[in-house]
**Q** 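Here's a structure for you.
Within every chain, numbering begins at 1; the chains are lettered A, B, ... in the order of the sequence lines, protein sequences first and strands thereafter. None of these values were measured; they are calculated from a predicted model.
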Protein chains: 2
Amino acid sequence: MKIEKEFQFHGDRQAGRLLAGLAGAGRSDTRARRAVVQALCVAPDRSTPAELLERGRAIHPHLAPVTVYRTLDLLQSLGLVERLHHPDGCSSFMPAPAAHGHHVTCERCRRTVEFSGCAIGSLARSARAQTGFTVHSHWLELTGLCPDCRRAGAARGRAS
Amino acid sequence: MKIEKEFQFHGDRQAGRLLAGLAGAGRSDTRARRAVVQALCVAPDRSTPAELLERGRAIHPHLAPVTVYRTLDLLQSLGLVERLHHPDGCSSFMPAPAAHGHHVTCERCRRTVEFSGCAIGSLARSARAQTGFTVHSHWLELTGLCPDCRRAGAARGRAS
DNA sequence: GTGATTGCAAATCGTTTGCATTCAG
DNA sequence: CTGAATGCAAACGATTTGCAATCAC
């Protein structure tokens, strides 16, 4: 399988896109930011700030946690990354997808993938009908099992 | 309007339901728990732990924050209250609705109401088709404007 | 009485802020 | 050069934990 390689290419392309976005917004092209962006884009799915710090330090050893947060905030404000909220209050991040979609997270391996399509319309309509609220935005996360974990772990419980 | 009164009645009924649930699970019926449960049920919508502490202390002045959290955890583990996660990592709580439904939160006044019905099925199906993930659970929050705020603030921009 | 429950105080942990230093353009 | 960006250290704030005192049954 060349999947890793594919991801690598994909990640590089994505990193380029994010860096271009930063440049387009008139922001400096610094080592720290490159490190964070690359750390973010080498992962096929989402990353926590701590993971980004660790991976980023492989590229730029001086990298500080605070810079990871600031860079992520900046990228998010530019719409270049998407923040995923965890129930425990922490966040993780992934490069923003091109089209509006949603995530599925594997409850065993924590892998998160994007899928396209958004059928929230009917839900919004019924919300409107029942409550009088007009819906402006929504946030949805699905949880389940990815194919690998389903195959591998049907018998076992989920890993913590 | 007697809506307040209605809520009062509704809240009392709901408080009774929660207390009954605790008793049914073999848990002690303590002052602290009663205070938290009542504080939770007098609100027509969700409450933060801090709000519950304040309201609860009106009933049981000794109430400590830690007890609010522990009681909420317990109620949640019994399926009697539902936890709502905020993007900033905090939580708020509301008595669990009878049927599976979702929430709409007003982006201006923060009021949250339930509505029934769950059209996630089609979304789960398309997730499965596109990603291979099987969906076991989901979490959805809708954001928009409640009728009052829409009426009051139609001319103004939305509050941040 | 006895184990569950409570509350105080201190700890935790992800995240943010103050401020002096360093870097990119 | 000069403002933007960084990093260290300290602050923050919601939530959790250790442990002794208290309460419900």
Side-chain angles (χ1 to χ4, degrees), chain A residues 18-40 46-78 80-81 83-93 110, chain B residues 18-40 46-78 80-81 83-93 110:
Chain A
L18 299 205
L19 292 171
L22 282 174
R27 300 322 197 89
S28 300
D29 174 16
T30 69
R31 294 192 173 194
R33 283 183 182 157
R34 274 183 184 273
V36 174
V37 164
Q38 291 188 29
L40 189 70
R46 66 182 176 186
S47 313
T48 64
E51 291 164 350
L52 294 175
L53 179 64
E54 188 184 336
R55 276 188 235 129
R57 277 186 166 159
I59 302 166
H60 179 55
H62 256 273
L63 188 63
V66 63
T67 305
V68 173
Y69 286 109
R70 288 198 278 231
T71 303
L72 290 170
D73 283 351
L74 175 59
L75 289 169
Q76 190 191 5
S77 74
L78 295 173
L80 296 169
V81 308
R83 176 191 292 252
L84 289 154
H85 308 268
H86 289 262
D88 63 3
C90 308
S91 301
S92 54
F93 297 81
R110 294 274 115 199
Chain B
L18 299 205
L19 292 171
L22 281 174
R27 300 323 198 87
S28 301
D29 175 17
T30 69
R31 296 194 171 193
R33 282 183 184 158
R34 275 185 182 270
V36 174
V37 165
Q38 291 188 28
L40 190 69
R46 67 181 174 188
S47 313
T48 64
E51 290 163 352
L52 294 176
L53 178 65
E54 187 184 337
R55 277 188 235 129
R57 278 186 165 160
I59 301 167
H60 178 55
H62 256 276
L63 188 63
V66 65
T67 306
V68 174
Y69 286 109
R70 287 197 279 231
T71 303
L72 290 170
D73 283 351
L74 176 58
L75 289 169
Q76 190 191 6
S77 74
L78 296 172
L80 296 170
V81 308
R83 178 191 290 254
L84 289 153
H85 308 268
H86 290 263
D88 63 3
C90 308
S91 301
S92 53
F93 297 82
R110 293 273 113 200

**Q** Residues from residues 32-40 of chain B sitting under 4.0 Å of DNA chain C, heavy atoms only?
**A** B/Ala32, B/Arg33
**Q** How long is the line joining CG of A/Leu53 and C1' of C/dC13, in whole Å?
**A**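 Whole-Å distance recorded here is 15 Å.
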**Q** Please evaluate residues A/Arg34 and A/Ile59 with respect to the criterion side chain to side chain contact (heavy atoms under 4.5 Å, CB included), reporting the C-alpha separation (whole Å), side-chain torsions for both, the decisive distance (0.1 Å), and the verdict.
**A** CA-CA 9 Å; A/Arg34 274 183 184 273; A/Ile59 302 166; 6.0 Å; no
**Q** Are A/His60 and C/dC23 close enough that a side-chain N or O sits under 4.0 Å from OP1 or OP2?
**A**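 For C/dC23, neither OP1 nor OP2 has a side-chain N or O of A/His60 closer than 4.0 Å.
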**Q** Begin with the C-alpha distance, continue with both residues' side-chain angles, and end with the deciding distance and a verdict on side chain to side chain contact (heavy atoms under 4.5 Å, CB included) for B/Asp29 and B/Leu22.
**A** CA-CA 8 Å; B/Asp29 175 17; B/Leu22 281 174; over 6 Å; no
**Q** Whole angstroms only, please: what is the CG-P distance between A/Leu74 and C/dA24?
**A**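 Nearest whole value for this atom pair: 16 Å.
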**Q** If you take all heavy atoms of A/Phe93 and A/Val81, which pair is closest and at what distance?
**A** CD2-CG2, 4.1 Å
**Q** Between the main-chain N or O of A/Glu51 and the side-chain N or O of A/Glu54, is there a donor-acceptor pair closer than 3.5 Å?
**A** no
**Q** Closest heavy-atom contact between A/Ala39 and A/Gly56?
**A** CB-N, 3.7 Å
**Q** Take the protein atom CG of A/Leu63 and the nucleotide atom P of C/dT22, then report the distance between them rounded to whole Å.
**A**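 Taking CG of A/Leu63 and P of C/dT22, I get 17 Å after rounding.
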**Q** About how many Å separate CG of A/Leu84 and OG of A/Ser47, when rounded to the nearest 0.5 Å?
**A**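 Output value for this atom pair is 10.0 Å.
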**Q** What does the B/S/- profile of nucleotides 9-25 of chain D look like, 5' to 3', with a 4.0 Å heavy-atom cutoff to protein?
**A** -----SSBB------SS
**Q** What's the spacing between A/Arg33 CZ and A/Leu18 CG if we round to 0.5 Å?
**A**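 Result: 12.5 Å between the selected atoms.
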**Q** What pairs of donor and acceptor atoms, side-chain ones from residues 60-76 of chain B against any protein atom, are under 3.5 angstrom apart with sequence neighbours left out?
**A**
unit_1, atom_1, unit_2, atom_2, d
B/Thr71, OG1, B/Thr67, O, 2.7
B/Asp73, OD1, B/Arg83, NH2, 3.2
B/Gln76, OE1, B/Arg83, NE, 3.3

